[in-house]
Amino acid sequence: MNVISFKKPTTYFLSLFSLLLAFSVSTSTLQAQDGEKLFKSYCASCHSPGSNQLVGPGLAGVYDKYEREWLYKWIKNSKALIASGDEQAITVYEQYAKVEMPAQPVTNVQIDAIMDYVAAYIPPVKEVPGGGDVAMAEESSEMSGYTIAGIIVLFLILVIILRKVQYIFTAAKARDAGEEMPEETTMTQALLITVANNKTVFALLGIVCLALFAKGGWDSAFGVGVFQGYEPEQPIKFSHKLHAGTNGIDCNYCHNSASYSKTAGIPSPNLCMNCHTYIQEGPEYGKEEIGKIYAALDFDPVTKTYGPNQKPIKWVKVHNLPDHVYFNHSQHVTVGKIACQKCHGPVEEYTVGKQHAELTMGWCINCHRETKVQMAGNGYYDEIHERLPEELKKQYLEDGTITVSELGGIECGKCHY
Ligand code: HEC
Ligand code: HEC
Ligand code: HEC
Ligand code: HEC
Ligand code: HEC
Ligand code: HEC
C-alpha cells in the first residue's frame with residue numbers, strides 16, 4: 001500500500017492527517033475500554049457509573065459538574081483537598097454525610113479514561129423476563145393433580161349422600177308397608193352397588209383416571225433430577241435485582257472466578273463488606289438482613305471492628321450437576337464468549353436465586369449442536385489453527401461455520417469423567 005506519496009505536498013499532508021486521525025480514533029477506543037477496567041478495579045466498590053448511590057454518590061454528570069483539575073486533586077487525595085480548605089471539596093464532603101473517600105492511586109490520564117467511561121455509560125436496559133412458560137407448565141400439571149383429587153372427593157361425598165337418601169326412602173317405604181326396617185348399608189357396599197348399577201360410566205371414569213395418573217407418572221419419571229425453577233430459601237435475603245439490577249454491580253465483581261476457572265463461586269462475606277461496612281441498612285429489610293452478614297463475621301457496625309467468632313454463611317446451592325459431569329465456566333464465558341444470562345436467565349431481575357435452565361444432558365448437547373465456535377481472534381484456538389490443514393483453516397476461520405459439536409463437543413468423554 002502506497003499511503004505516503006511525495007509527489008504532491010497536499011497528498012502528503014492528507015495522508016499524514018488520515019494516519020493521525022486513525023491513530024487518535026484507535027487510542028480513544030482503547031481508552032474507553034481501559035476506563036471501564038479502571039473504573040471497575042478502583043471505583044466500582046463505592047460508585048455506580050450511573051446515578052445510583054452506593055457508598056459514594058453515582059458519578060453520572062461529575063465530568064460536567066467539576067473542573068478537570070479539581071477532579072484530579074479530589075480523586076487522588078480528597079482528604080488533602082478538604083484539609084486545604086477547598087470550599088467545593090468541603091461541600092461535597094459534608095453533603096455525603098462526611099464519609100471519607102480514600103485517596104486513589106490513579107494518574108491523570110487514568111482519571112480521564114475513567115471519566116470517558118462514565119460519560120459514555122448507559123444504564124442496562126431490563127430484559128423481558130423469560131421462563132414464563134415454565135411457571136405455566138408447573139401450574140397446569142399441579143392443576144391436573146388437584147382436579148383428580150377433587151373428582152374423587154366429590155364422588156365419595158355424592159355416594160354418601162345418595163346412600164343416605166336411598167336409605168331414608170327404603171326405610172320410609174318399609175315403614176309404610178309395615179315391614180321390618182332395613183339395615184343401613186356400609187360405605188363399601190354402597191360403593192359396589194352404585195358401581196354395579198352404572199358400569200359404563202365407571203368404566204369411562206376409570207380409563208380417564210388411569211390416563212391422567214399415567215401421564216403424571218410419565219412426567220415425574222422423566223423429570224427425575226430436573227430442578228428447573230428451583231428457588232431455595234437462602235440464609236440471607238440477598239437480592240440480585242437490588243445489586244446487579246438497580247445498583248448495576250457487574251456479575252464479575254462477585255463471581256470473578258467464572259472468567260478464569262471451572263467454578264463461578266459464591267462471594268465470601270468479606271467481599272460484601274467492601275460495601276456493607278458503610279451500607280448498614282437496606283431498603284426492604286432495614287438492618288435485619290445486612291445484620292446477618294455482620295453476625296457471620298462477628299462485626300460490630302458501631303466500632304467497625306471484627307470479633308473472633310466468625311462462621312461461614314451457609315448459602316444453599318441452587319445449581320447442582322451430578323458428580324459424573326464436567327462443566328467449566330471459563331470454557332464457556334471466556335473462550336465461548338457466552339453471556340451469563342444465556343444459561344442463567346435474567347439474573348439481574350431475580351429477588352431470589354433460581355435455576356433457569358434444565359441443566360439436562362439434552363440441554364448441553366442441543367446448544368453444542370447449534371452454537372458456532374467463535375474462533376477468529378480467539379487466542380485459545382491459535383495453537384489448534386497451526387495444526388490445521390490449509391483448506392480447513394479457511395472453513396474454520398474465515399467462514400466461522402464450525403459448531404461445538406463438530407469440534408467434538410458431544411463426545412461422551414468431554415462431559416463425563
Ligand atoms: C471506599 C469508597 C470509595 C472509592 C473506592 C472511591 N470513592 Fe469516590 N467518593 C466516595 C465517597 C464516600 C464520596 C462522597 C464524598 C465524601 O464524603 O468524601 C465520593 C465522592 C466522589 C466524587 C464527587 C462526587 C460528587 O457528586 O460530588 C467523585 C468525582 C469521586 N468520588 C470519584 C471517584 C473515582 C473516579 C474513584 C475511582 C478512581 C473513586 N471515587 C473511588 C467513596 C469512594
Ligand atoms: C453483590 C454480589 C453479587 C453480584 C453483583 C452478583 N451475584 Fe450472583 N450471587 C451472589 C450471592 C451472594 C449468591 C448466593 C445466594 C443466592 O443464590 O442468591 C449468588 C448466586 C448466584 C447464582 C446461583 C448459584 C447457585 O447457587 O447455583 C447465579 C447463577 C448467579 N449468582 C449469577 C449471577 C449473575 C449472572 C450476575 C450478574 C447479572 C450476578 N450473579 C451478580 C452474589 C452476587
Ligand atoms: C458493590 C457494593 C455492594 C456489595 C459488594 C454488596 N452489596 Fe449488598 N447492597 C448494596 C447496596 C447499594 C444496597 C442497597 C442499599 C439501599 O438501597 O439503601 C445493598 C443492600 C443489601 C441488603 C439489604 C436488602 C434490603 O432490601 O433490605 C442485603 C441483605 C445485602 N445488600 C446483602 C449483601 C450480601 C450478602 C453481599 C455479599 C455477598 C452484598 N450485599 C454485597 C451494595 C453492595
Ligand atoms: C454455558 C452455560 C453457562 C454460562 C454461560 C454460565 N454458567 Fe454459571 N453455571 C452453569 C452450570 C451448568 C452450573 C452448575 C455447575 C455445577 O453444578 O457444577 C453453573 C453454576 C453457577 C454458579 C454456582 C456456583 C458454581 O460455580 O457452581 C454461579 C454463581 C454461576 N454459575 C454464575 C455464573 C456467572 C456470573 C456467569 C457469567 C460470567 C455464568 N455463570 C455463566 C452454566 C453456565
Ligand atoms: C449456551 C450454549 C451452551 C450450553 C447450554 C452448554 N455449552 Fe458447553 N460449550 C458451548 C460452546 C460455545 C463451547 C465452545 C467453547 C470453545 O471452546 O470455543 C462449549 C464447550 C464445551 C466443552 C469443551 C468441548 C471441547 O471440545 O473441548 C465442554 C466439556 C462443555 N462445553 C460442557 C458443557 C456441559 C457439561 C454443559 C451442560 C451442563 C454445556 N457445556 C452447556 C456452549 C454451550
Ligand atoms: C455436552 C455435555 C455432555 C455430553 C457430550 C454427554 N453428556 Fe451425558 N450427561 C450430561 C449431563 C449434564 C448429565 C446430567 C443430566 C441430569 O442430571 O439430568 C448427563 C447424564 C448422563 C447419564 C446419566 C443419566 C442420569 O439420569 O443421570 C448418562 C448415562 C450419560 N450422561 C451418558 C452419556 C453418553 C453415553 C454420552 C456420549 C454419547 C454422553 N453422556 C455425552 C452431559 C453430557
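Both ligands and their constituent atoms are indexed starting at 1 by order of listing.
Residue contacts with ligand 3 for P267 involve side-chain atoms from C-beta outward but no N, CA, C or O (heavy atoms, distance under 4.0 Å). The proximity of E281 to ligand 3, defined as any non-hydrogen pair under 4.0 Å, is limited to the backbone. Residue contacts with ligand 3, taken as heavy atom pairs separated by less than 4.0 Å, involve Y285 via backbone and side-chain atoms alike. Residue contacts with ligand 3, taken as heavy atom pairs separated by less than 4.0 Å, involve I293 solely via side-chain atoms from C-beta onward. Residue contacts with ligand 3, taken as heavy atom pairs separated by less than 4.0 Å, do not involve I266 at all. Contacts with ligand 3 closer than 4.0 Å are made by no heavy atom of N274, backbone or side chain.
The distance from atom 8 (Fe) of ligand 3 to the nearest N/O/S atom of H276 is under 2.8 Å. At least one N, O or S atom of H416 sits under 2.8 Å from atom 8 (Fe) of ligand 6. Between atom 8 (Fe) of ligand 3 and H243 there is an N/O/S contact shorter than 2.8 Å. Not a single N, O or S atom of S78, from either the backbone or the side chain, sits less than 2.8 Å from atom 8 (Fe) of ligand 1. Atom 8 (Fe) of ligand 1 has no N, O or S atom of C43 inside 2.8 Å of it.
Near I279, the atoms of ligand 3 lying under 4.0 angstrom from a non-hydrogen atom of the residue are 10 (C), 11 (C), 12 (C), 15 (C), 42 (C). Taking every non-hydrogen atom of C415 and a distance limit under 4.0 Å, the qualifying atoms of ligand 6 come out as 1 (C), 2 (C), 3 (C), 4 (C), 5 (C), 42 (C), 43 (C). Interface atoms of ligand 3 facing C275, defined by a heavy-atom separation under 4.0 Å, are 1 (C), 2 (C), 3 (C), 4 (C), 5 (C), 42 (C), 43 (C). Atoms of ligand 6 lying under 4.0 Å from at least one heavy atom of C412, given by number and element, are 34 (C), 35 (C), 36 (C), 37 (C), 38 (C), 39 (C), 41 (C). Less than 4.0 angstrom separates some heavy atom of Y253 from each of these atoms of ligand 3: 1 (C), 5 (C). Of all atoms in ligand 6, numbered sequentially from 1 with element shown, those under 4.0 Å from a heavy atom of H368 are 1 (C). In summary, the atoms of ligand 3 found under 4.0 Å from a heavy atom of L271, numbered by their order in the structure, are 5 (C).
Note: an N/O pair closer than 3.5 Å links E284 and ligand 3 by distance alone. For a threshold of 3.5 Å applied to N or O pairs, the pair formed by K65 and ligand 1 contains at least one separation below that value.
Nearest non-hydrogen protein atom to atom 29 (C) of ligand 3 is E289 CB, 3.4 Å. The nearest protein atom to atom 24 (C) of ligand 3, hydrogens excluded, is given as L242 CD2, 3.8 Å; this is a heavy-atom distance. Among all protein heavy atoms, the one lying closest to atom 28 (C) of ligand 3 is I290 CG1, 3.6 Å. In terms of protein heavy-atom proximity, atom 16 (C) of ligand 3 is nearest to P283 CD, 3.6 Å.
In this structure, G409 is part of the shell of residues with a heavy atom less than 4.0 angstrom from ligand 6. Residue Y66 places a heavy atom under 4.0 Å from ligand 1. In this structure, E358 does not count as a contact residue of ligand 6, since none of its heavy atoms falls inside 4.0 Å of the ligand.
The six-membered or imidazole ring of H344 lies near that of H319, with a centre-to-centre distance under 6.0 Å.
Inspection of the D116 and Y121 side chains reveals no N or O donor paired with an N or O acceptor under 3.5 Å. Using modelled atom types and a 3.5 Å distance limit, the side chains of N274 and Y253 yield a donor-acceptor pair.
More than 12 heavy-atom neighbours from other residues, nucleotides or ligands sit within 6.0 angstrom of NZ on K317.
Nearest to atom 43 (C) of ligand 6 by heavy atom, out of M361, K414, H324, is M361. When the heavy-atom distances from atom 8 (Fe) of ligand 1 to H47, E94, Q95, M115 are ranked, the shortest goes to H47. Summarising the contacts of atom 13 (C) of ligand 1 with S51, P57, S41, the nearest heavy atom is found in P57.
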Derivation and outcome, side-chain hydrogen bond (donor to acceptor under 3.5 Å, both in side chains), residues W74 and D86: CA-CA 10 Å; W74 170 270; D86 181 289; over 6 Å; no

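Classified by interplanar angle (parallel below 30°, tilted 30° to 60°, perpendicular above 60°), the ring pair F299/Y294 is tilted.
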